[in-house]
Structure formats: structure tokens, C-alpha cells
Amino acid sequence: MRNKSFYPSKPLPRSFYQRSTLDVAPGLIGKILVRRYHGSFLAGMIVEVEAYHGFDDKASHAYQRRSGRSEIMYNRGGIAYVYFTYGMYHCLNVVTEKEGYPAAVLIRALEPIAGITTMHKLRGNPHTQQLTNGPGKLCMALHITKNENGIDLQSKELFITRGRNIPSHLIGTSRRIGISRSVENEWRYFLKGNPFVSHHR
DNA sequence: ACGCTGATGAAG
DNA sequence: TTCATCAGCGTT
């Protein structure tokens with residue numbers, strides 16, 4: 001848990017991201033998201049994600065449009081897509097699949113692993129359980145903003161590494177949170193029983 | 001249950 | 001140019 005004892009493994013290869021989004025999304029559960037900040041590492045285990053993909057997903061930013069904000073989702077997998085929402089918050093996605101197919105996975109929650117003191121400062125000292133249990137919260141805690149939009153996940157600044165291997169029976173699925181269209185698709189994945197998974201409202 | 005807050009994109 | 005819509009959060 002101490003930052004000094006944490007040194008990350010190599011970034012996951014680009015090939016990890018260039019697969020079906022519905023394979024990448026549950027595959028991210030248990031992996032470690034790493035952010036370099038002022039020369040040290042902030043890190044957390046991914047415990048909740050949502051997939052947004054393809055031409056028929058009405059909740060996707062890329063639905064029936066390819067311009068501005070959503071253009072980045074058409075890139076080949078392996079880069080970050082960070083967007084600003086509700087006038088206040090940033091959300092981190094990882095782009096998946098091949099060039100020309102619009103898709104990304106939203107990182108919704110982390111279990112903090114390293115740099116927890118720094119994360120508390122960046123978040124305004126909430127209880128640890130509230131530190132990274134939501135997509136806006138984890139971006140605040142890891143200082144992820146639109147400056148990181150488009151960053152290559154092979155970069156030292158922001159990447160994902162191997163973590164725990166999670167047996168599939170420990171991964172739960174549900175409808176996605178906070179959307180009004182295509183609600184029937186159960187493309188949210190989370191680590192069952194983990195206290196950092198965000199709660200439904 | 002609601003207000004905060006501003007980027008986005010569609011409509012006019 | 002105006003307007004509705006929001007992949008959220010914190011306080012009520």
C-alpha cells in the first residue's frame with residue numbers, strides 16, 4: 001500500500017485493446033491503472049467498467065456521428081479517450097477494436113493501490129471508500145483531464161498493467177449507469193463484492 | 001430529490 | 001444563435 005513499494009509492470013500490449021470490446025471490458029477487471037504524477041505513481045485496481053461500442057449503441061458518444069468529441073473512438077485500440085461532462089467532471093475511457101470501428105470502455109471505479117495520500121489531496125480528503133468509486137472521482141484522484149485525451153496507453157504517463165487474475169464467476173454484469181438509451185444492454189462489468197464499486201442511485 | 005456547471009451537437 | 005441533453009457528484 002505504500003507508494004515507495006509500488007513499481008508498475010509493463011503496459012499491457014496494444015493487442016490487448018484491439019479486440020472485441022465485450023472481451024476487453026471484463027478483461028480489464030483486476031488490471032492496474034497507473035498514472036505518473038510529479039515523479040511518483042498513483043495506481044488503482046480496476047473494479048468496474050462499461051463498454052460502449054459499435055454503430056447501434058444509442059448510448060455511445062459515437063452513435064450516428066463521427067466528428068468532434070467522438071472522432072477519437074474510431075481510432076485503433078490502445079489510446080485514452082477523456083471527455084468533460086456535467087460541466088465539472090472528466091471521465092476516462094480506453095479506446096478498443098480496430099481503426100474505423102467506434103468503441104471504448106469507460107473506467108468507472110478503482111480500488112486504490114498506490115499514492116493514496118496524494119489522491120486524498122486531489123479529491124479534497126473524502127473517506128477512502130469514496131476516493132475512486134466513480135468515473136469522475138477517479139479522474140480527480142489521478143489528475144486525469146482533457147490534457148490526457150488521446151494519450152497512447154503505452155506511454156509512461158498513463159497506462160494499464162497486469163494485475164490480479166480474476167476468475168469469471170467473480171465478475172458481475174448489469175445495465176449501464178446514467179444513460180437513457182440502449183439501457184437493455186448489460187455492458188457494465190464489476191468485481192463482485194468489492195467495496196469500491198460505485199452504487200446505483 | 002435536486003442543483004451545480006459547461007461542452008457538445010442539432011435545430012433554426 | 002439558442003436550446004436540450006448529458007456515460008457525475010455532493011448535499012439535501
Side-chain angles (χ1 to χ4, degrees), chain A residues 17 20-22 24-29 33 35 44 46-75 77 79-97 101-112 119-151 153 158 160 171-191 194-201:
Chain A
Y17 302 98
S20 166
T21 309
L22 297 187
V24 176
L28 283 168
I29 301 298
L33 177 64
R35 169 76 165 133
I46 298 170
V47 298
E48 179 184 351
V49 299
E50 285 175 358
Y52 291 84
H53 77 115
F55 298 96
D56 301 324
D57 180 0
K58 295 185 178 66
S60 169
H61 288 167
Y63 180 64
Q64 290 187 344
R65 60 181 95 89
R66 178 173 184 167
S67 64
R69 182 174 62 170
S70 68
E71 172 64 29
I72 193 167
M73 293 179 68
Y74 288 79
N75 281 274
I79 63 175
Y81 165 35
V82 182
Y83 65 87
F84 186 66
T85 192
Y86 291 107
M88 272 178 252
Y89 303 109
H90 293 276
C91 291
L92 170 67
N93 299 249
V94 299
V95 175
T96 56
E97 311 235 12
Y101 184 89
V105 177
L106 172 68
I107 310 299
R108 284 197 57 91
L110 304 175
E111 177 175 322
M119 291 189 206
H120 269 100
K121 286 179 188 161
L122 288 167
R123 283 272 293 122
N125 297 309
H127 291 139
T128 297
Q129 195 130 322
Q130 322 301 325
L131 195 54
T132 52
N133 65 336
K137 296 178 191 178
L138 72 89
C139 282
M140 264 185 275
L142 301 193
H143 198 256
I144 293 167
T145 69
K146 284 187 79 169
N147 290 335
E148 282 67 55
N149 190 33
I151 201 171
L153 294 174
L158 182 66
I160 298 172
I171 298 179
T173 62
S174 79
R175 294 181 169 196
R176 294 171 292 179
I177 294 173
I179 59 170
S180 58
R181 299 176 296 173
S182 293
V183 292
E184 66 280 4
N185 296 316
E186 300 207 335
W187 291 343
R188 173 174 175 258
Y189 303 87
F190 58 94
L191 184 54
N194 186 279
F196 294 90
V197 171
S198 71
H199 46 266
H200 274 99
R201 292 179 173 258

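Within every chain, numbering begins at 1; the chains are lettered A, B, ... in the order of the sequence lines, protein sequences first and strands thereafter. No experiment lies behind these values; they were computed from the predicted model shown. Heavy atoms only: backbone and side chains are in, while hydrogens, waters and symmetry mates are out.
Rounded to whole Å, atom P of dT5(B) lies 6 Å from atom CE of M88(A). Rounding to whole angstrom units, CD1 of residue I177(A) and P of dC6(C) are separated by 16 Å. Here dA7(C) presents its P atom at 15 Å from NE2 of H90(A), a figure rounded to the nearest Å. Atom NZ of K58(A) is separated from atom C1' of dA7(C) by 16 Å (rounded to the nearest Å). Atom CD in Q130(A) sits about 13 Å away from atom C1' in dT11(C), given to the nearest Å. Taking atom CG of residue L138(A) and atom C1' of nucleotide dC9(C), one finds them 13 Å apart after rounding to whole Å. dA4(C) atom P lies 16 Å from atom CZ of R181(A), rounded to whole Å. The distance from atom CZ of R175(A) to atom P of dA7(C) is 17 Å, rounded to the nearest whole Å.
The residue G136(A) sits close only to the backbone: its heavy atoms come under 4.0 Å of sugar-phosphate atoms, none of a base.
At most 12 heavy atoms of other shown residues, nucleotides or ligands fall within 6.0 angstrom of atom CG in D56(A). A 6.0 Å sphere centred on NE2 of H120(A) holds more than 12 heavy atoms belonging to other residues, nucleotides or ligands.
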Check the pair E111(A), T132(A) against side chain to side chain donor-acceptor pair (under 3.5 Å), reporting the backbone distance first and the verdict last. CA-CA 7 Å; E111(A) 177 175 322; T132(A) 52; over 6 Å; no
Per-nucleotide protein contact string for nucleotides 7-12 of chain B (B base, S sugar-phosphate only, - none; heavy atom under 4.0 Å): SSSS--
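Summary of the strand contacts: S180(A) and N133(A) both lie near DNA chain C, and taking for each the nucleotide with the nearest heavy atom, the more 5' one is attributed to S180(A).
Ring centers of Y52(A) and Y63(A): at least 6.0 Å apart, outside the cut-off.
Using a 4.0 Å cut-off between charged side-chain N and carboxylate O, R175(A) and E184(A) make no salt bridge. Taking a cutoff of 4.0 Å between a charged side-chain nitrogen and a carboxylate oxygen, E186(A) and R176(A) do not qualify as a salt bridge.
For dT1(C), the paired base is dA11(B) (Watson-Crick or G-U wobble, both distances below 3.5 Å).
Here the side chain of E148(A) pairs no donor or acceptor atom with the backbone of V82(A) at under 3.5 angstrom.
Residue ring and nucleobase are stacked for Y86(A) and dG8(C), with a centre distance beneath 5.5 angstrom and an angle between planes beneath 30°.
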